[in-house]
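What follows is a short report on a single structure.
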Amino acid sequence: MAREAVWAVITAMYDAYRRGDRAGIDRLLHPEATIWDSVDPVLITSTAQLDKVRDARPADGPRETGVAARDEVVDVWGETALARYLLRVDFAEGEPEIVRTTAVLRLVEGEWLIVHIHENTI
């Protein structure tokens, strides 16, 4: 049951991303979450810093047509969970991008929140 709840948080994050719903993503992140983004070499340590990375993405860059997490491996130890998965990003033109991703989550007041994400394009 906990594994499914953790995976639901991960998939909800990408559902919000597809909708362009930053607030929906941010609700799933712990306030002190850290992120290694696949396109930025600096460890993101705040929502303000995450917003700067988001805003710096070129509007005229490759147009994404789909994002899907798959091949998940989820382990849960009490109030800590580790999710490993592949993220496929499809574009209107060109080959898809595969991003190897690890997410750490904590159970906070009955709710799973993402405390760290590490993305690595392969």
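No donor-acceptor pair closer than 3.5 Å links the side chain of Glu111 to the backbone N or O of Val108.
Closest heavy-atom contact between Arg88 and Pro96: NH2-CG, 3.4 Å. Closest approach of Gly24 to Ala16, counting heavy atoms only: C-CB, 3.9 Å.
Taking the six-membered ring for Trp and thresholds of 30 and 60 degrees, His118 and Trp36 have ring planes inclined between 30 and 60 degrees apart.
Atom CD of Glu79 is separated from atom CH2 of Trp112 by 7.5 Å, given to the nearest 0.5 angstrom. Note that the CG atom of Leu87 and the OG1 atom of Thr121 stand 9.0 Å from one another [nearest 0.5 Å]. In this structure, OG in Ser38 is found 12.0 Å from CD1 in Ile98, a value given to the nearest 0.5 Å.
Scanning for salt bridge (charged side-chain N to carboxylate O under 4.0 Å, His left out) contacts around Asp55 gives Arg22, with sequence neighbours left out. When the side-chain hydrogen bond (donor to acceptor under 3.5 Å, both in side chains) test is applied to Arg84, the partners found at least two apart in sequence or on another chain are Asp75. Listed by chain and residue number, Leu28 satisfy the side chain to side chain contact (heavy atoms under 4.5 Å, CB included) test with Ala12 (two or more places apart in sequence, or in another chain). Remark: Arg19 engages Asp21 in a salt bridge (charged side-chain N to carboxylate O under 4.0 Å, His left out) (not counting sequence neighbours). Under the side-chain hydrogen bond (donor to acceptor under 3.5 Å, both in side chains) criterion, Arg3 pairs with no residue at all, not counting sequence neighbours. For Pro62, the side chain to side chain contact (heavy atoms under 4.5 Å, CB included) criterion is met by Phe91, not counting sequence neighbours. Residues satisfying the salt bridge (charged side-chain N to carboxylate O under 4.0 Å, His left out) test with Arg18, not counting sequence neighbours, are Asp15.
Among residues at least two apart or in separate chains, side-chain hydrogen bond (donor to acceptor under 3.5 Å, both in side chains) pairs with a member in residues 92-109 are Thr80-Arg106. For residues 31-43, every residue pair satisfying the salt bridge (Lys or Arg N to Asp or Glu O under 4.0 Å) rule, not counting sequence neighbours, is listed here: Asp37-Arg57. Every pair passing side-chain hydrogen bond (donor to acceptor under 3.5 Å, both in side chains) that includes a residue from residues 61-74 is listed here, sequence neighbours excluded: Tyr17-Glu64.
When each of Ile10, Leu113, Leu29 is checked for a side chain to side chain contact (heavy atoms under 4.5 Å, CB included) with Leu105, only Ile10 meets the rule.
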Please tabulate, for side-chain N and O atoms in residues 41-53, each donor-acceptor pair with protein atoms closer than 3.5 Å (sequence neighbours left out).
from: Thr45; atom 1: OG1; to: Gln49; atom 2: OE1; distance (Å): 3.1
from: Ser46; atom 1: OG; to: Gln49; atom 2: N; distance (Å): 3.0
from: Gln49; atom 1: OE1; to: Thr45; atom 2: N; distance (Å): 2.9
from: Gln49; atom 1: NE2; to: Leu43; atom 2: O; distance (Å): 3.2
from: Asp51; atom 1: OD1; to: Arg54; atom 2: NH1; distance (Å): 2.8

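When hydrophobic side chains of Ile, Leu, Val, Met, Phe, Trp and Tyr are connected at separations under 4.5 Å, Trp77 ends up clustered with Leu82, Val104, Val115.
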Exercise for review: List the steps, then state whether side chain to side chain contact (heavy atoms under 4.5 Å, CB included) holds for Ile114 with Ile35.
Suggested key: CA-CA 10 Å; Ile114 298 165; Ile35 301 170; over 6 Å; no
